[in-house]
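This report concerns only the one structure given below.
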There are 2 protein chains.
Amino acid sequence: MNLKQLSEQLGLSQTTVSRALNGYPEVNAATRLRVEDAAKAFNYHPSTRAKGLATGRALAIGHVIPMSTKHEMVNPVFGDFIAGAGETYARNGYEMILSIVDDSNEDEIYRSLKLRRAVDGVIVHGPRIDDPRIALLSEIGMPFAVHGQVTHNSLPYTFLDVDNHDAFVQATDYLFDLGHQRIALVNGLETMDFAYRRRSGYETSLRAHGLAIDPVLMRSSEMTEVIGYETARDLLGINNAPTAFICASLISALGVRRAIEERGLVMGNDVSVVTHDDMLSYLQNGGETPIFTATRSSVRTAGRQLAESLLHAIEHPNNSPQETILKCEFVVGHSTGPAPRKDEHGL
Amino acid sequence: MNLKQLSEQLGLSQTTVSRALNGYPEVNAATRLRVEDAAKAFNYHPSTRAKGLATGRALAIGHVIPMSTKHEMVNPVFGDFIAGAGETYARNGYEMILSIVDDSNEDEIYRSLKLRRAVDGVIVHGPRIDDPRIALLSEIGMPFAVHGQVTHNSLPYTFLDVDNHDAFVQATDYLFDLGHQRIALVNGLETMDFAYRRRSGYETSLRAHGLAIDPVLMRSSEMTEVIGYETARDLLGINNAPTAFICASLISALGVRRAIEERGLVMGNDVSVVTHDDMLSYLQNGGETPIFTATRSSVRTAGRQLAESLLHAIEHPNNSPQETILKCEFVVGHSTGPAPRKDEHGL
DNA sequence: AATGGCTTCCAAAGCGCTTTGGGTATGGTT
DNA sequence: AACCATACCCAAAGCGCTTTGGAAGCCATT
């Protein structure tokens with residue numbers, strides 16, 4: 001059933017039916033009702049494509065997922081983020097279109113999305129330091145919103161980020177207050193903006209407390225269980241080993257825990273661990289009482305909100321960009337405790 | 001730049017340009033080359049919407065992700081599957097559109113996708129036993145492909161599944177051969193088809209070896225770390241506790257390991273664990289040598305292949321459905337060993 | 001009775017593409 | 001010289017919708 005058929009059924013013009021269905025004022029209330037009923041009865045759904053062609057709007061948002069062929073890593077955060085964003089789109093009649101793209105020709109994808117008029121805007125995932133995408137998108141005039149921020153960038157843009165710096169200051173402070181002096185950082189790849197900010201928070205705290213910034217204790221890599229394990233295993237083996245770890249992800253933290261236990265140590269007792277927790281639905285940080293002491297922020301909520309910001313930006317192109325920064329919640333679990341006293345013996 | 005402008009630039013008709021670009025034979029080789037060069041030079045990208053309108057094909061595949069509002073769980077497997085499917089779509093000029101949908105009105109979404117002509121076909125995720133979706137999709141004439149299978153279903157359909165039954169027979173056999181007699185099953189929700197099949201494999205093996213099927217040892221729930229932990233913790237506390245666990249997911253297995261270690265036991269020694277491993281990119285089963293003994297099959301590859309089957313089905317609507325069953329690889333890791341001898345003492 | 005302003009509706013153009021149904025050279029046959 | 005394929009190209013219709021620019025009817029004012 002298309003518009004023409006529906007309007008013939010009703011004995012009205014396509015114009016009137018279209019207007020009735022889209023809430024335009026120049027149609028009698030009674031007529032509108034009649035049209036709406038008929039649309040429902042005949043199960044009429046307008047063709048998105050035709051609508052898009054006619055209006056010039058795609059009613060779709062693009063999510064471009066960069067995936068280096070080197071790492072072949074899908075960000076585990078991605079599923080939950082998408083779920084959140086999807087809720088917003090569903091509520092607003094938008095579609096979500098996904099492009100998995102080799103990060104070598106990301107440019108091409110954005111340009112193509114623009115030129116084919118396939119989407120009304122895009123969400124930028126996984127921003128890196130000095131990310132060229134924001135300049136690109138500004139230049140080609142594609143509305144966008146960034147999940148995260150971009151350090152070294154002067155252009156204004158819409159984004160939503162968690163306060164990574166603050167979260168890691170807090171995490172480090174907390175460990176310091178427990179007496180830890182050797183605190184390791186198991187960070188994500190520091191080409192990623194979020195990881196950069198987290199390290200900066202970590203360093204800020206160390207400096208504020210007069211602790212040395214020891215490059216040996218700072219690791220930056222993919223956030224996988226295995227790498228978390230290997231890093232912790234190595235670090236626990238060195239002289240003057242750390243008594244505490246700060247992890248960028250719950251997944252890394254699981255690996256760190258494995259290394260701790262493998263060594264016969266007790267987490268929260270011999271070695272403390274704080275992690276960031278994205279509150280992924282399939283990887284919760286324990287039940288009522290958390291396992292890991294953590295800085296946490298729901299990535300799902302982030303998806304929902306950032307999608308809203310983007311839709312807003314599309315509707316009101318002249319407004320200045322929305323910038324949202326979410327504070328993390330700090331929760332105390334079983335993974336942290338006072339620094340062991342062996343340091344005192346060492347004196 | 002649109003077709004009209006491009007054709008004016010070239011001094012050709014839209015027809016010829018369109019044909020040249022789409023590989024129709026009735027255009028001179030030299031002309032075609034000229035057109036292709038110009039298209040590149042002017043960065044011409046045809047509008048997907050217009051193309052879709054004109055051809056009646058959407059050049060898009062829908063993925064509808066059911067998400068019960070109860071569980072609010074995003075299947076962790078999803079990201080990698082999508083990544084695989086995305087590669088196929090990119091290669092074939094298709095777009096992927098995602099709908100996150102409350103599973104209460106899934107019907108509506110499929111119908112709507114069909115009526116709005118938004119997609120050429122859909123991938124069905126997370127099939128349940130006796131899943132009504134395959135009847136629905138057959139009825140409304142929407143091409144589809146299922147990631148998994150549907151028990152209790154007589155209609156033919158295209159699918160790709162791992163051989164879940166066989167994998168769990170093999171896992172159980174392996175443990176039996178190591179001398180384990182009390183083998184627990186930490187399964188996914190058994191409303192899901194894959195979980196149902198896995199249990200059936202597990203039971204088949206037990207029966208074949210004359211072991212009792214003890215409902216106490218069979219648990220079915222969400223596949224999260226926490227639930228894995230809780231289940232194992234409980235089971236290790238009972239009389240005549242299991243000496244081995246079979247897990248439906250690496251994530252559950254991580255929880256099981258935590259429970260084992262918390263009890264001061266050693267995995268692979270006191271208690272054995274076999275798990276299914278979807279080979280998720282961010283959750284690898286160890287490095288070169290696996291941590292867990294596992295039945296494994298890449299969900300990413302599954303995504304790539306199933307997408308191909310679907311595209312094939314769309315191109316050749318009259319062919320009979322493709323049915324693909326992938327055998328799992330069985331890898332031996334550190335998590336399994338001979339059953340402890342305390343049972344002998346018990347005699 | 002003529003005018004003007006509302007309200008309610010419509011015909012037709014247009015969005016950017018594909019495709020049908022020819023048309024015009026060109027060259028080879030009778 | 002007339003004819004016919006063949007190769008190459010084109011004008012225009014159509015996909016299903018929105019939207020422009022009226023038109024018709026009705027009432028209240030002059």
Side-chain angles (χ1 to χ4, degrees), chain A residues 1-36 38-39 42-60 93-95 112-120 315, chain B residues 1-36 38-39 42-60 93-95 112-120 315:
Chain A
M1 170 72 60
N2 59 24
L3 225 213
K4 191 173 171 194
Q5 295 166 332
L6 180 62
S7 61
E8 279 164 2
Q9 278 288 335
L10 284 159
L12 289 170
S13 75
Q14 295 190 41
T15 313
T16 305
V17 176
S18 168
R19 283 181 165 155
L21 258 21
N22 292 305
Y24 283 75
E26 53 272 82
V27 41
N28 194 330
T31 315
R32 186 187 307 267
L33 218 62
R34 200 160 66 89
V35 172
E36 283 168 349
F42 291 108
N43 208 0
Y44 168 72
H45 286 244
S47 148
T48 322
R49 278 199 296 286
K51 201 163 185 155
L53 232 205
T55 56
R57 309 182 50 207
L59 289 176
Y94 276 76
E95 239 132 48
S112 156
L113 284 174
K114 171 72 180 180
L115 291 166
R116 292 178 304 145
R117 303 152 206 94
V119 300
D120 296 322
E315 309 270 312
Chain B
M1 171 71 61
N2 60 22
L3 226 213
K4 190 172 171 196
Q5 295 166 332
L6 181 61
S7 62
E8 279 165 1
Q9 279 288 335
L10 284 159
L12 291 169
S13 77
Q14 295 189 40
T15 312
T16 305
V17 176
S18 169
R19 283 180 166 157
L21 259 19
N22 291 306
Y24 282 76
E26 54 270 85
V27 40
N28 191 328
T31 315
R32 168 162 297 144
L33 218 63
R34 201 160 67 90
V35 171
E36 282 169 348
F42 291 110
N43 209 357
Y44 168 72
H45 285 244
S47 150
T48 321
R49 278 198 296 286
K51 202 163 186 154
L53 231 205
T55 57
R57 310 183 48 206
L59 289 176
Y94 276 75
E95 237 132 49
S112 157
L113 283 174
K114 171 72 181 178
L115 292 166
R116 291 179 304 147
R117 305 151 204 93
V119 299
D120 296 323
E315 308 270 313

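The sequence lines fix the lettering, A, B, ..., with proteins before strands; numbering per chain opens at 1. Keep in mind it's a predicted model, so treat the numbers as computed, not measured.
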Find the distance [X]:[atom1] to [N]:[atom2] and express it as a whole number of Å.
{"X": "Leu12(B)", "N": "dT24(C)", "atom1": "CG", "atom2": "P", "answer": "18 Å"}
{"X": "Arg117(B)", "N": "dG16(D)", "atom1": "CZ", "atom2": "P", "answer": "6 Å"}
{"X": "Arg34(A)", "N": "dT8(C)", "atom1": "CZ", "atom2": "P", "answer": "14 Å"}
{"X": "Arg57(A)", "N": "dT19(D)", "atom1": "CZ", "atom2": "C1'", "answer": "15 Å"}
{"X": "Leu3(B)", "N": "dA11(D)", "atom1": "CG", "atom2": "P", "answer": "14 Å"}
{"X": "Arg49(B)", "N": "dT18(D)", "atom1": "CZ", "atom2": "P", "answer": "13 Å"}
{"X": "His45(A)", "N": "dC17(D)", "atom1": "NE2", "atom2": "P", "answer": "12 Å"}
{"X": "Leu10(B)", "N": "dC8(D)", "atom1": "CG", "atom2": "C1'", "answer": "15 Å"}

Is the phosphate of [N], meaning OP1 or OP2, less than 4.0 Å from a side-chain N or O of [X]?
{"X": "Tyr24(A)", "N": "dT20(D)", "answer": "no"}
{"X": "Asn28(B)", "N": "dC9(D)", "answer": "no"}
{"X": "Ser18(A)", "N": "dT19(D)", "answer": "no"}

- Which heavy atom of Met1(B) sits nearest a heavy atom of Tyr44(B), and at what distance? O-CD1, 3.5 Å
Any donor and acceptor pair, going by atom type alone, linking the side chain of [X] with main-chain N or O of [Y] inside 3.5 Å?
{"X": "Asp120(A)", "Y": "Arg57(A)", "value": "no"}
{"X": "Arg49(A)", "Y": "Gly52(B)", "value": "yes"}
{"X": "Arg19(B)", "Y": "Val27(B)", "value": "no"}

- Query: Nearest of dC9(D), dT19(C), dC10(C) to any side-chain atom of Thr16(B)?
  - Reply: dC9(D)
- Query: Can you list the steps and then say if Gln9(B) with Lys4(B) is a side-chain contact (heavy atoms from CB on, under 4.5 Å)?
  - Reply: CA-CA 9 Å; Gln9(B) 279 288 335; Lys4(B) 190 172 171 196; over 6 Å; no
- Task: Check the side chains of Ser18(A) and Thr15(A) for a donor-acceptor pair under 3.5 angstrom, ignoring hydrogens and angles.
- Result: no
- Item | Qualifying side-chain hydrogen bond (donor to acceptor under 3.5 Å, both in side chains) pairs with a residue from residues 25-36 of chain A, counting only residues at least two apart or across chains | none
Under 3.5 Å, which protein N or O atoms sit close to an N or O of nucleotides 11-15 of chain C? Give each pair with its distance.
| residue | atom | partner | partner atom | Å |
| --- | --- | --- | --- | --- |
| dA11(C) | N7 | Thr15(A) | OG1 | 3.4 |
| dA11(C) | N6 | Thr15(A) | OG1 | 2.6 |
| dC15(C) | O2 | Ala54(A) | N | 3.4 |

Listed pairs, N/O of protein and of nucleotides 23-25 of chain D, under 3.5 Å:
none

- Derivation and outcome, side-chain contact (heavy atoms from CB on, under 4.5 Å), residues Gln5(B) and Leu3(B): CA-CA 6 Å; Gln5(B) 295 166 332; Leu3(B) 226 213; over 6 Å; no
- Go through the steps to decide whether Ser47(A) and Arg116(B) satisfy the test side-chain contact (heavy atoms from CB on, under 4.5 Å), and finish with yes or no. CA-CA 4 Å; Ser47(A) 148; Arg116(B) 291 179 304 147; 5.8 Å; no
